[in-house]
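Chain A is the first sequence line, chain B the second, and so forth, proteins listed ahead of strands; every chain is numbered from 1.
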Amino acid sequence: MDKALLEIRELECVRGDKQLFKGLSFSLGAGSLLHVHGPNGSGKTTLLRAIAGLVLQESGEICWNGEQISRQKDEFNRELLYLGHHYGLKFELTGYENLKVFANLSGSDISEHEVEAALMRFGLAHCVELPVKVLSQGQKRRVALARLLLQPSKLWILDEPFVALDAAAVELLLDVIKAHVAAGGMVILTTHQEVAVEVGSLQHLHLGQAQPAQTSQAAVAEQH
Amino acid sequence: MDKALLEIRELECVRGDKQLFKGLSFSLGAGSLLHVHGPNGSGKTTLLRAIAGLVLQESGEICWNGEQISRQKDEFNRELLYLGHHYGLKFELTGYENLKVFANLSGSDISEHEVEAALMRFGLAHCVELPVKVLSQGQKRRVALARLLLQPSKLWILDEPFVALDAAAVELLLDVIKAHVAAGGMVILTTHQEVAVEVGSLQHLHLGQAQPAQTSQAAVAEQH
Amino acid sequence: MLATLRCMVMRDLTLAMRHRSDVLTTVFFFIIVVSLFPLGVGPEAALLKEMAAGVVWVAALLASMLSLTRLFADDYNDGTLEQLLLVPQPLSLIVLGKVLAHWIISGLPLVVMSPLLGLQFGLEGDELMMLMVTLLLGTPVLSLLGAIGAALTLGLRGGGVLVSLLVLPLYIPVLIFGAGAVTASAAGMGADGHLSLMGAILLLALVLAPWASAAALRISVE
Amino acid sequence: MLATLRCMVMRDLTLAMRHRSDVLTTVFFFIIVVSLFPLGVGPEAALLKEMAAGVVWVAALLASMLSLTRLFADDYNDGTLEQLLLVPQPLSLIVLGKVLAHWIISGLPLVVMSPLLGLQFGLEGDELMMLMVTLLLGTPVLSLLGAIGAALTLGLRGGGVLVSLLVLPLYIPVLIFGAGAVTASAAGMGADGHLSLMGAILLLALVLAPWASAAALRISVE
Amino acid sequence: MSEWLAMGGHGLYIWGSYAVTALFMIVEVILVVRRRRSLMQRLGRMIRMKDSEVSG
Amino acid sequence: MFNLFKYASPASFYPLAGRLAMGFGIASVILLVIGLYMSFFVAPTDYKQGEGYRIMFIHVPAAWMSMLIYVVMACWAAAGMIWHTRLSSMMASSLAPTGAMFTFIALWTGALWGKPMWGAWWVWDARLTSELILLFLYVGFMALESAIDDPRRAARASGLLALVGVINVPIIYYSVQWWNTLHQGSSIKVVDGGVETSMSEIMVWTLLVMTFACWFYTIAVALTRVRSIILERESGASWVKALLQERKS
Ligand code: HEM
Ligand SMILES: Nc1ncnc2c1ncn2[C@@H]1O[C@H](COP(=O)(O)OP(=O)(O)OP(=O)(O)O)[C@@H](O)[C@H]1O
Ligand SMILES: Nc1ncnc2c1ncn2[C@@H]1O[C@H](COP(=O)(O)OP(=O)(O)OP(=O)(O)O)[C@@H](O)[C@H]1O
Ligand SMILES: [Mg+2]
Ligand SMILES: [Mg+2]
């Protein structure tokens, strides 16, 4: 494994009065993929949001390039693409407009053509002119995922990206992820579906059962 | 197959300027399950909502017990349980309170104990007292699904019920569905996940590709 | 029937109680709007007394209208409304339950608070009484009519402002009779005519509005 | 920097144009609120003229405040806000862009409309001019301060009413100087003092508010 | 002539009324006609595209 | 417009509407020319108001049209809700902009008339106020319709609003009495009387001609607009395709 870009040290997250995990440490280098496993409510989403800097951890450190992310928000955000349970799309805008706004804001200089190509790749050619609102669940998610093709971020954090996608789209997304990892990118993802994400240096992280009594389970990270 | 309780005749649905399907006919008797297949945007959700009476069809008839559902809203609703992409839960109320309200409104007389048992069955024992808002995605969906155990409806319409559930919960839901069909209930469901729903008299319905030019595809219903 | 009504009212009240600040904020909005006027207009007592009834009524209109946007919006966004449409009970009954809860949360407190605000503007005895009575008759109408507007604008962007555009013209008769009754009684004329008209409007709204809102809801959810 | 600002402003304007009625409805709300008062208070010309400035200003406050609730709410609900927080640009710049767009959509039209409403209340020449100028200076402040309130109440139930509770007190100085300037010029006194004070408030708000709103947003999204 | 235009001192009001009315009516007619024309163009394009799709 | 009722199908109504619009358009232009000539050159100067009263010849027809159009619109909306005929809701939405325009013209001309007569652009008289509310009702109708993307849903929602709004019209109308007894009536009554006594036969005729001109104008514009609306909403239908093919060749 290359030099670790992302390092998590002794992370502890608490929601309400519930400790989700503690003493969680792992590190991730270029060209690797981390698959976070765990039953419902085990804290996968919380972990991913903490890494993205959207949730404050109780204790522990999250470092990017050796420095804590909270100290270098702008730099870290430039390297990060987070897609959560929410679609993160403006439902009144069309898919094209949504992507264009994100591309502009992230500072990357993206041509009309590239946006169209991304939408096309995700099979949305015939609904570029429709507001996202009227699209089907799967089509909405495809629009959100099309961002993956447009933003040159190093670290992708994907929280259940396969939800609502049909078989063809799942296949496509897997290809996109594999290509990203192969090109030296990093991906952290969770999914409950059985999909074959075998690529690069693959790590699995298992978060514990969501049981009341058994709060502070040791998290097991195993190298593939 | 028994006498057909639900009959769809020459159904045509249009969204915006797009014809999703037309000339769709099938019928469903007691103790049967209809699995609706189709890629993203092919109109599965629209079909399910039309059957539930939430979307007006462009033409065609949807009959329950031989009479159109629009003419017998209350009677039909008594026999129906529809769970869509949305959770249909009040995020400020606890899981228990949510279920209680639905039970009350559907007129069924349900004891505290039964509600608790349903939540327990879906593995929510330790979060009955939390507002649904703070639950994880999978836990929210479990709460919504717990309604299946409480309302004595004949026809279940489930739009991607397996989304966000972990393996254990998928297993559980399959058991619940099988038991319902075995007891003479009817289920219509869609899912993009690979799950083994083999039970009772199983029908498959394939909705066409979501292609621009090719609007009026024949829908294929095959008996299993 | 009554069970359904009670269940809906209790549900919405519970939800409101979960966020107790909701109840308070409507009243506070009412108070603040009323208090803004002396700041904008200036402190002359005679002028203020003359405007009193009008200002309190306009503030009540606005407060009730503001809280309207939320009447169905929450249920719509989290998909509960869909489920309520599928409940084997008349939809207008469910709507009536929600409106009733809305009035208890946002209308009743205004009625209770109004004498205090009237005092601030120099109203006295009978006029205060009249102010309260007209609000008691009028605020349920506001909630009922408002429900139609809220149902029609459901899920539309800019719903908050759109709902006021739709609903305020409908509110105007209530405003005219309500404020008119107070002014009339202040001028020593009888206000019985006004009051009975308001009663009639209330009855009419009670019969027609839940039905119209239910129709609007069915349209909006599609 | 300017590119980011322009992108945000254009984005929000595009969104507003998608529903052109949005722009119109704020103005109409303003007009309706102003028109409600004579209905409540009665048609006497002298009384109305005296209240004119106050009423128009209070209506502007309310109109701007009402449209505020939507400033961040849409972005919050559909998850875009989360994404905006993750954008590698200073958040206060993004906020400033949104506020600017909000003012263009909801503040500027009020300024344009105000002379017409002033006419209805019997204001003339100089007073109308003064009303317009004060609104031109004041409405951006309303949008800027409002953004703080909107950011703080994000995602809270009852945000609409809560935001008014937080924001209206902040608006009061603007209201007093704004309406005061009109009244002063109507009374033949100079209003220069009022105007320069309003200018100062505007500058202060322009510097501080985007920064405070950005901080509030970070808190709200967690 | 100018006396007639002055309308006994009420010229501004009368001509203001008639002019605005005329303006509104003319603008409305223009808008309606333009809407129809652009619609026809759009539909024509649609049909042409369909045709070429079938033949090509 | 009632005899059009049997043409409930857009396909058969579309060509008919085209012919009718043409006819009414021509008639309205002719009447307008005659009416304008009468207003300025035939009708005599009023002994009380001087020339100012000539505003009446557009003010009154506009005010009448504004109210009539709302009622007709609500009737179409009701027909649409009851019989689910697509054409009815299209008719309703094609009338709204013209109705709003006439309402605005009535307000505008009234204001321009009020300044020389009453010395104020605007007074908060019941009649004036109710006209203003009517404008809000129109605008609300149009705003709601344009805020909803799906045309069928928009038609149903705005139709319901028009129906609810029409209940409000008589209420506003009767509120006039209550309101005026409280606050001593403004000068409109006096002026009314003045105009009425001085209304010569030729004035009445002029008024009638202008009214019919506005009426025919409304019909022509609404029919033209409804033709566009029909095409927009039925663009997928086969008869539209056939029609366009025909036009092209
Ligand atoms: C903005 C101001 C005004 C508005 C909104 C307005 C509105 C109306 C309306 C709605 C009508 C039709 C009422 C009906 O048929 O019963 C009407 C008719 C009329 N208005 Fe006005 N008006 C305004 C100002 C004036 C003024 C200043 C005058 C004259 C000095 C005037 C004279 C008339 C007359 C003579 C009629 C016909 C009455 C009749 O049908 O018997 N209006 N106006
Ligand atoms: N205020 C609170 N009090 C107690 N527990 C809470 C509170 N807020 C959140 N939780 C718990 O924190 C956990 C959050 O889990 P998270 O959303 O990270 O789960 P997840 O692993 O993503 O699950 P899923 O697979 O269902 O998406 C849940 O178990 C939830 O019940
Ligand atoms: N106004 C509109 N104009 C054109 N097409 C529309 C409009 N509204 C909806 N649609 C289309 O209708 C379809 C709706 O599909 P629906 O939600 O029923 O799909 P689905 O089969 O459930 O898909 P998924 O598997 O993604 O959930 C989508 O293809 C969408 O693009
Ligand atoms: Mg999760
Ligand atoms: Mg679907």
- Message: Please check this pair: side chain of B:Glu67 against backbone of B:Gln72, looking for a donor-acceptor N/O pair closer than 3.5 Å.
- Response: no
- Proximity breakdown for B:Leu54 and chain C, heavy-atom pairs closer than 4.5 Å: both
- Message: Any donor-acceptor pair under 3.5 Å linking the side-chain atoms of B:Tyr87 with those of C:Gln83?
- Response: no
- Query: Just wondering, more than 12 heavy atoms not from B:Lys178 lying within 6.0 Å of its NZ?
  - Reply: yes
- Task: If a pair satisfies side-chain hydrogen bond (donor to acceptor under 3.5 Å, both in side chains) and one of its residues is in residues 46-57 of chain B, list it, with sequence neighbours excluded.
- Result: B:Arg49-C:Glu82
- Contact origin within B:Leu81 toward chain C - heavy atom pairs under 4.5 Å: neither
- Query: Mind checking whether B:His180 and B:Trp156 have parallel, tilted or perpendicular rings, split at 30° and 60°?
  - Reply: parallel
- Against chain C, label B:Glu75 side chain, backbone, both or neither, depending on which of its atoms sit under 4.5 Å from a heavy atom there. neither
- Item | Portion of B:Phe76 that has a non-hydrogen atom of chain C nearer than 4.5 angstrom | neither
- What part of B:Lys133 is in contact with chain C, defined as an atom under 4.5 angstrom from a non-hydrogen atom: side chain, backbone, both or neither? side chain
- Would you say the side-chain atoms of C:Tyr76 pair up with the backbone N or O of C:Val221, donor to acceptor, closer than 3.5 Å? no
- Task: Could you look at C:Arg218 and say if it's the side chain, the backbone, both or neither that has a heavy atom under 4.5 Å from chain B?
- Result: side chain
- Item | B:Lys73 portion near chain C, given a 4.5 angstrom heavy-atom threshold | side chain
